[in-house]
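Heads up, the thing below is written out as structure tokens.
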2 protein chains.
Amino acid sequence: MPYLKREAPNPEPIDCRILTAALDLFVNSGYHNVSVHEIQKQADVSIGSIYKHFGGKDGIAKALYKHILNEMDELVDDVMNEHKSPKKQCEEIIRLLCGYTETHYDIMAFIFHAKHTEFVPDEPLICNTLPFIKIREIVKSGMECGEFREINSWVAASTIFGGVIRMIQLRLDNMIEEPLPTYFETLIDASLNGVLTSDTTKTDNKISAVL
Amino acid sequence: MPYLKREAPNPEPIDCRILTAALDLFVNSGYHNVSVHEIQKQADVSIGSIYKHFGGKDGIAKALYKHILNEMDELVDDVMNEHKSPKKQCEEIIRLLCGYTETHYDIMAFIFHAKHTEFVPDEPLICNTLPFIKIREIVKSGMECGEFREINSWVAASTIFGGVIRMIQLRLDNMIEEPLPTYFETLIDASLNGVLTSDTTKTDNKISAVL
DNA sequence: GTCTATACGCTGATAGAC
DNA sequence: GTCTATCAGCGTATAGAC
């Protein structure tokens, strides 16, 4: 039947629609304020399918959690492969996070704006997931190779990435009006200054003092 | 009746017991995972009293929110009164936050570990409350008086306080095993280095390089 | 595999006695 | 002011037709 115009069939696979709808609703209303019925409605799927595919609301949350963290992990891997120096790697991760906040609001909000222990209690804490572990490893290797000062690694990691994370949270809360990449250079400079070894610091300082 | 030994009467006022119990439960289980019945049980009060005093679960949350932020605000005020230099003020606030994380776990968890918009939607965002606004003012005045470099104030504030906040969150998540004050000096040094004007930086850098 | 209709439990909230 | 008993509604989950 050549001219039979079928309804655009499966614009997206069903489980993908469910996850997309769930992410949107979770991020905008909060996990506990969203009912399965709302997800079902927004995903244009029946409740039965949801329970068939994910086993329930918590199943959706778990799947989302794993999916998103896997995506982050791959991004971190890419950065690690493309750049060798830990300092450069940190910079690129910060750039990545800034950019992603603008292009993938939901994902960043899901990662940095939710208290996951409240709804995926048996999943590992987000700071114990692969991408975050890898980032801490980067910081450590930066200290070993002499790019970063030898201080406690928690302090180092928090100093380097605490600034961006804070900026991301403020941006997600609509406190910061400009897109984050606007501040990228300043942010990098300020965040890394505190942990760089003195020789590296000096030059950067002079440059930014002149500007 | 002299020797009538009454039950220790009102060890604490009733609304105080309710708030204490609620804070504990909210922090440890998450607002949405706590029922009024649980609060009632733990506070050793009847449901009626709770609704009489606070009008419901959300009333408790609001009262807690205001109470705690008021407490924080007074602490910030104290710091601002006792120290004049913005740099010193920032240091003392960081010290304060580190100490408070150890001595007042629940309060810090409530402030830094919960997504308040999900359960007190009509209250101002936490970053728009008095203590946080004042902290940003400190940062701005630091730039005006020349202690801090003149960069975007969001970046400056995030750089200075993003590190501590991150440390607090990691500590609350039991990732960091030592009490935060252990890291205070290192943290201050690393956090402030990025925003100090170059002359101030130089000396500090040399000192920490020698150590 | 997908859907509809239904059941069951829990939670927030109230009414009224003391 | 404090309590107990009770209600109404919602939200998760299931059973069974298509």
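Note: hydrogens, waters and symmetry copies are ignored here, and every other heavy atom, side chains too, is used. Per chain, numbering begins at 1; letters A, B, ... match sequence-line order. Note that the coordinates shown come from a computational prediction; the quantities given were computed from them, not determined experimentally.
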Check the angle between the aromatic planes of B:Phe112 and B:Phe132 and answer parallel, tilted or perpendicular using the 30° and 60° thresholds.
-> perpendicular
Looking at the rings of B:His116 and B:Tyr31, which for Trp means the six-membered one, are their centres under 6.0 Å apart?
-> no
How does protein contact run along nucleotides 1-7 of chain D, one letter per nucleotide 5' to 3', with B for base contact, S for sugar-phosphate only, - for none, heavy atoms under 4.0 Å?
-> -BBB---
Whole-Å distance separating the CG atom of A:Asn33 from the P atom of C:dT11 | 16 Å
Could you give the CG-to-P distance, from B:Asp58 to C:dT11, as a whole number of Å?
-> 16 Å
Check the distance between C:dG12's C1' and B:Glu38's CD and give it to me in whole angstrom.
-> 13 Å
A:Glu92 with A:Arg95: basic N within carboxylate O range, under 4.0 Å = yes
For the pair A:Tyr65 (side chain) and A:Ile126 (backbone), establish whether a donor and an acceptor sit closer than 3.5 Å, ignoring hydrogens and angles.
-> yes
How long is the line joining OH of A:Tyr51 and C1' of D:dT14, in whole Å?
-> 9 Å
Any donor-acceptor pair under 3.5 Å linking the side chain of A:Arg149 with the backbone of A:Met143?
-> no
note: A:Lys57, atom NZ; D:dC10, atom C1'; distance rounded to Å ~ 12 Å
Over how many whole Å does the gap from A:Ile39 atom CD1 to D:dA13 atom C1' extend?
-> 14 Å
Atom-to-atom span, CD1 of B:Ile50 to P of C:dT11 - whole angstrom = 14 Å
Sidechain-backbone polar pair: B:Asn81 side chain, B:Asp77 backbone, donor-acceptor under 3.5 Å | yes
